[in-house]
Trainee: 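Sending over a structure as structure tokens; questions will come in a sec.
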Amino acid sequence: MSSTSGYILKNETPLVETVTGYPIVNGTTEYYPTYPAVTGVKTTPFFGGCGVGCTGVESSVPFTTYKYVVDVLNVAEDSYLTGHQVDGRVLYPTTGYLYLVWKSLAKLNGFTTVEQMPITFENVEIHRATILAIKQQIPTKQIEFCVRIVPKTGVFELFEGENVIVTGRVAIDESIAKLEQLKMLVHQHLTQLSERNRLVDLFEQEEIYRELRMRGYEYNGEFQPILRADMEGTCGEILWTGKWISFLDALFQLNTLSQKRVVGG
């Protein structure tokens, strides 16, 4: 992994090479890769709105559309998103986009919750960021996202208004053998992690987020779920609050810790 949250807008590939596995839903979880699986994520520079269908979902191809409204000011379930602040801007998290696509594919296939449907992302590109607020300003408008998926191929686009935000391909991971293999890998990882915890001094939550603030990541609230971790981002403990967006974002945060801070120009 080589960056975090998709908001370092420069040509970079991959952002996330692979994220795959299972969460332990018991209040806290040790850090290890978790699904949805993500391969080939990269970011691209800001550009103007390119219009509907310009990045893969052509108008002649039948697709299914799902719409989602985000209102951090008036909807209690969305208010926690204001904790995702980077360089003075409240940004909608990249993991939020992936979650909306995950949610859409689950609906398309008749699942009632995303947890029922393991998923794989491929060739994901983040084209631009969605700004919810700047500095200390209070968000005053709703944000509407539109997810379009081609059922036969899984090619998708996520729009905000007329702007393409994310594109890629998504599929249901139906391999039982692979899931069983993941369970075995998780068990092995947790065993190794327990041993590593005895050998490595882990930094506490306050120290971790102080370091991230020095890098411009002013996370707060539910976007501070890392309880302890090493500064190489190889192991840690993440609080599970029931929200996939902040949980998956914490994995990107661990990746940020592993990157050396650049001093000066």
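We're numbering straight along the sequence, starting at 1. Quantities reported herein were computed from a predicted structural model and do not represent experimental measurements.
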Trainee: Assess Arg169 against Phe121: is NZ or CZ under 6.0 Å from the centre of the six-membered ring, and within 45 degrees of the ring's axis?
Mentor: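 Judged by the rule (NZ or CZ under 6.0 Å from the ring centre, within 45° of its axis), Arg169 is not positioned above Phe121.
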Trainee: For Ile149 versus Phe156, what's the shortest heavy-atom pair and its separation?
Mentor: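 Taking Ile149 first and Phe156 second, the nearest heavy atoms are CG1-CB, 4.0 Å.
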Trainee: Examine distances only and state if a side-chain atom of Asp230 and a backbone atom of Leu202 form a donor-acceptor pair shorter than 3.5 Å.
Mentor: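 Not at all, since once roles are kept as given, no pair shorter than 3.5 Å links the two residues.
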Trainee: Are the side chain of His84 and the backbone of Leu91 linked by a donor-acceptor contact shorter than 3.5 Å?
Mentor: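 Looks like yes, one N/O pair under 3.5 Å.
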Trainee: Could you check Tyr99 against Val101 for side chain to side chain contact (heavy atoms under 4.5 Å, CB included), going step by step and ending with a plain yes or no?
Mentor: CA-CA 5 Å; Tyr99 179 77; Val101 175; over 6 Å; no
Trainee: Less than 4.0 Å between a side-chain N and a carboxylate O, is that true for Glu204 and Arg228?
Mentor: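 Salt bridge present between Arg228 and Glu204.
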Trainee: Are side-chain heavy atoms of Arg148 and Thr64 found at a separation under 4.5 Å?
Mentor: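 No, their side chains stay 4.5 Å or more apart.
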Trainee: May I have the step-by-step check of side chain to side chain contact (heavy atoms under 4.5 Å, CB included) for His127 and Ile165, ending in yes or no?
Mentor: CA-CA 5 Å; His127 298 284; Ile165 305 298; 6.0 Å; no
Trainee: Any donor-acceptor pair under 3.5 Å linking the side-chain atoms of Glu218 with those of Tyr209?
Mentor: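 Side chains of Tyr209 and Glu218: no pair found under 3.5 Å.
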Trainee: Quick check: closest heavy atoms across Val150 and Pro62, and the distance to 0.1 Å?
Mentor: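 Where Val150 meets Pro62 most closely, the heavy atoms are CG1-O, 3.7 Å.
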Trainee: Mind checking whether Ile131 and Val90 sit in one hydrophobic cluster, side chains of I, L, V, M, F, W, Y counted as touching below 4.5 Å?
Mentor: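 Both belong to a single hydrophobic cluster.
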Trainee: Hydrogens and angles aside, do Gln224 and Asn220 bring a side-chain donor and acceptor to less than 3.5 Å of each other?
Mentor: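 No, Asn220 and Gln224 have no side-chain donor paired with an acceptor closer than 3.5 Å.
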Trainee: Parallel, tilted or perpendicular: which describes the rings of Tyr80 and Phe223, with under 30° parallel and over 60° perpendicular?
Mentor: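 The rings of Tyr80 and Phe223 lie parallel, inter-plane angle below 30°.
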Trainee: Rounded to the nearest 0.5 Å, what separation is found between the CD1 atom of Ile126 and the OG1 atom of Thr94?
Mentor: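 It comes to 4.5 Å.
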Trainee: Could you tell me whether the side chain of Trp102 and the main chain of Tyr97 form a donor-acceptor pair under 3.5 Å?
Mentor: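 Not a single qualifying donor-acceptor pair exists.
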Trainee: Any idea which heavy atoms bring Ile245 and Thr95 closest together, and the distance?
Mentor: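 Heavy atoms only, the tightest pair is O-OG1, 2.9 Å.
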Trainee: Any chance the side chains of Glu222 and Thr241 put a donor and an acceptor closer than 3.5 Å?
Mentor: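 Yes, Thr241 and Glu222 have a side-chain donor paired with an acceptor closer than 3.5 Å.
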Trainee: Look at the side chain of Arg213 and the backbone N and O of Tyr219, then say whether any donor-acceptor pair between them is shorter than 3.5 Å.
Mentor: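 No; judged by distance alone, with no hydrogens or angles, the pair does not exist.
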Trainee: From Leu254 CG over to Leu212 CG, what is the distance, rounded to the nearest 0.5 angstrom?
Mentor: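 Atom-to-atom, Leu254:CG and Leu212:CG are 9.0 Å apart.
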Trainee: Answer with yes or no whether the side chains of Glu157 and Thr167 bring together a donor and an acceptor at under 3.5 Å.
Mentor: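 No - no donor-acceptor pair under 3.5 Å links their side chains.
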Trainee: Mind checking whether Tyr66 and Phe111 sit in one hydrophobic cluster, side chains of I, L, V, M, F, W, Y counted as touching below 4.5 Å?
Mentor: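 Same hydrophobic cluster.
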Trainee: Heavy atoms, side chains only, cut-off 4.5 Å: are Pro93 and Leu81 in contact?
Mentor: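 Yes, close enough: below the 4.5 Å cut-off.
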